[in-house]
Amino acid sequence: YQRRVRDYKFEERNLTEAGLEPELSFTARYLKVSFRRSDVFRLYPVFMIIAFWIITLALWFWGISAVILDERSIEPPFLSFLLGLLFVLPSFRNTAPSSPPIGCLLDFSAFFWSILSVIIFAYAGWCKLALTPLVNKLKGK
């Protein structure tokens with residue numbers, strides 16, 4: 001007897017059908033249950049990793065061009081956006097199927113890097129924004 005219910009497989013057999021000899025005089029049965037995630041639940045964490053890396057790479061592009069190369073201006077609303085990402089990224093991470101514990105593959109491959117990048121560039125941007133008037137005053141501009 002075998003039955004599939006939306007990616008769950010239930011299988012019932014006699015022990016003799018399974019190749020085992022029961023030591024008792026009556027016919028023993030066992031139930032084997034196997035579970036498999038659907039394709040959507042297996043693809044969603046991959047999508048999350050890609051989304052985290054897109055956010056991280058965009059942040060690095062902005063950070064290098066604004067903080068290091070000084071090609072872009074740093075504006076307070078964008079720094080507010082970066083600080084908002086510190087709250088949005090963990091919420092997005094918690095939408096992963098079955099809410100995996102901290103330290104899973106999703107975290108080490110993308111989530112921790114995104115959070116670290118947000119912290120680094122928010123701090124660097126804030127320091128540059130705060131120190132620019134002081135530097136201009138010292139230069140006499």
Side-chain angles (χ1 to χ4, degrees), residues 1-24 26-141:
Y1 171 72
Q2 206 175 21
R3 182 176 168 210
R4 277 195 181 270
V5 179
R6 292 190 63 169
D7 299 320
Y8 300 108
K9 182 178 173 184
F10 300 97
E11 188 176 331
E12 182 183 355
R13 290 182 171 178
N14 287 334
L15 287 177
T16 53
E17 291 173 2
L20 301 172
E21 292 297 324
E23 296 178 9
L24 305 171
F26 60 90
T27 304
R29 299 185 77 77
Y30 77 94
L31 178 67
K32 178 183 174 186
V33 180
S34 57
F35 299 98
R36 188 177 76 96
R37 289 184 184 261
S38 66
D39 294 335
V40 173
F41 281 115
R42 283 188 280 160
L43 283 177
Y44 186 63
V46 173
F47 163 74
M48 291 177 71
I49 290 172
I50 292 169
F52 279 130
W53 274 110
I54 288 172
I55 292 169
T56 303
L57 292 175
L59 187 61
W60 275 89
F61 174 75
W62 173 84
I64 289 172
S65 65
V67 176
I68 297 172
L69 300 177
D70 204 20
E71 293 176 355
R72 298 178 185 270
S73 64
I74 299 174
E75 300 173 5
F78 191 76
L79 291 176
S80 300
F81 168 72
L82 290 179
L83 296 176
L85 277 177
L86 288 176
F87 296 99
V88 171
L89 291 177
S91 297
F92 180 54
R93 184 235 177 261
N94 288 337
T95 63
S98 301
S99 294
I102 294 293
C104 64
L105 178 65
L106 170 67
D107 293 334
F108 283 105
S109 63
F111 176 67
F112 292 150
W113 297 108
S114 293
I115 292 292
L116 182 65
S117 298
V118 168
I119 292 170
I120 288 171
F121 285 115
Y123 180 73
W126 188 259
C127 288
K128 186 170 183 180
L129 184 66
L131 294 177
T132 300
L134 181 63
V135 170
N136 288 340
K137 187 177 181 182
L138 291 175
K139 287 182 178 178
K141 290 184 179 179

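Bear in mind the structure is a predicted one, so any value in this text is a computation, not a measurement.
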Look up atom [atom1] in [X] and atom [atom2] in [Y], then write down how far apart they are to the nearest 0.5 Å.
{"X": "I74", "Y": "L82", "atom1": "CD1", "atom2": "CG", "answer": "10.0 Å"}
{"X": "S73", "Y": "L129", "atom1": "OG", "atom2": "CG", "answer": "9.5 Å"}
{"X": "D107", "Y": "I102", "atom1": "CG", "atom2": "CD1", "answer": "5.0 Å"}
{"X": "L59", "Y": "I119", "atom1": "CG", "atom2": "CD1", "answer": "11.0 Å"}

| Can F92 and T95 be said to form a side chain to side chain contact (heavy atoms under 4.5 Å, CB included), step by step? | CA-CA 5 Å; F92 180 54; T95 63; 3.9 Å; yes
| message | W126: which residues meet the side-chain hydrogen bond (donor to acceptor under 3.5 Å, both in side chains) condition with it, sequence neighbours left out? | response | none
With distance as the sole test, does [X] use its side chain to make a donor-acceptor pair with the main-chain N or O of [Y] at under 3.5 Å?
{"X": "K128", "Y": "I68", "result": "no"}
{"X": "W60", "Y": "I55", "result": "no"}
{"X": "W113", "Y": "W53", "result": "no"}

| Is any side-chain heavy atom of V67 closer than 4.5 Å to a side-chain heavy atom of R72? |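 No, side chains not in contact.
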| message | So R93 and P45, do their side chains get closer than 4.5 Å, heavy atoms only? | response |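 Answer no - side chains too far apart.
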| field | ring pair (Phe, Tyr, Trp, His ring centres under 6.0 Å) partners for F111, two or more places apart | value |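 Applying ring pair (Phe, Tyr, Trp, His ring centres under 6.0 Å) to F111 gives F52.
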| field | L83 versus A122, closest heavy-atom pair with distance | value |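 Scanning both residues, the minimum pair turns out to be CD2-CB, 4.2 Å.
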| message | Would you say the rings of W62 and F78 are close, in the sense that their centroids are separated by under 6.0 Å? | response |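 Yes, the ring of F78 comes within the 6.0 Å limit of the ring of W62, centre to centre.
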| query | Is the closest side-chain donor-acceptor distance between S117 and T56 under 3.5 Å? | reply | no
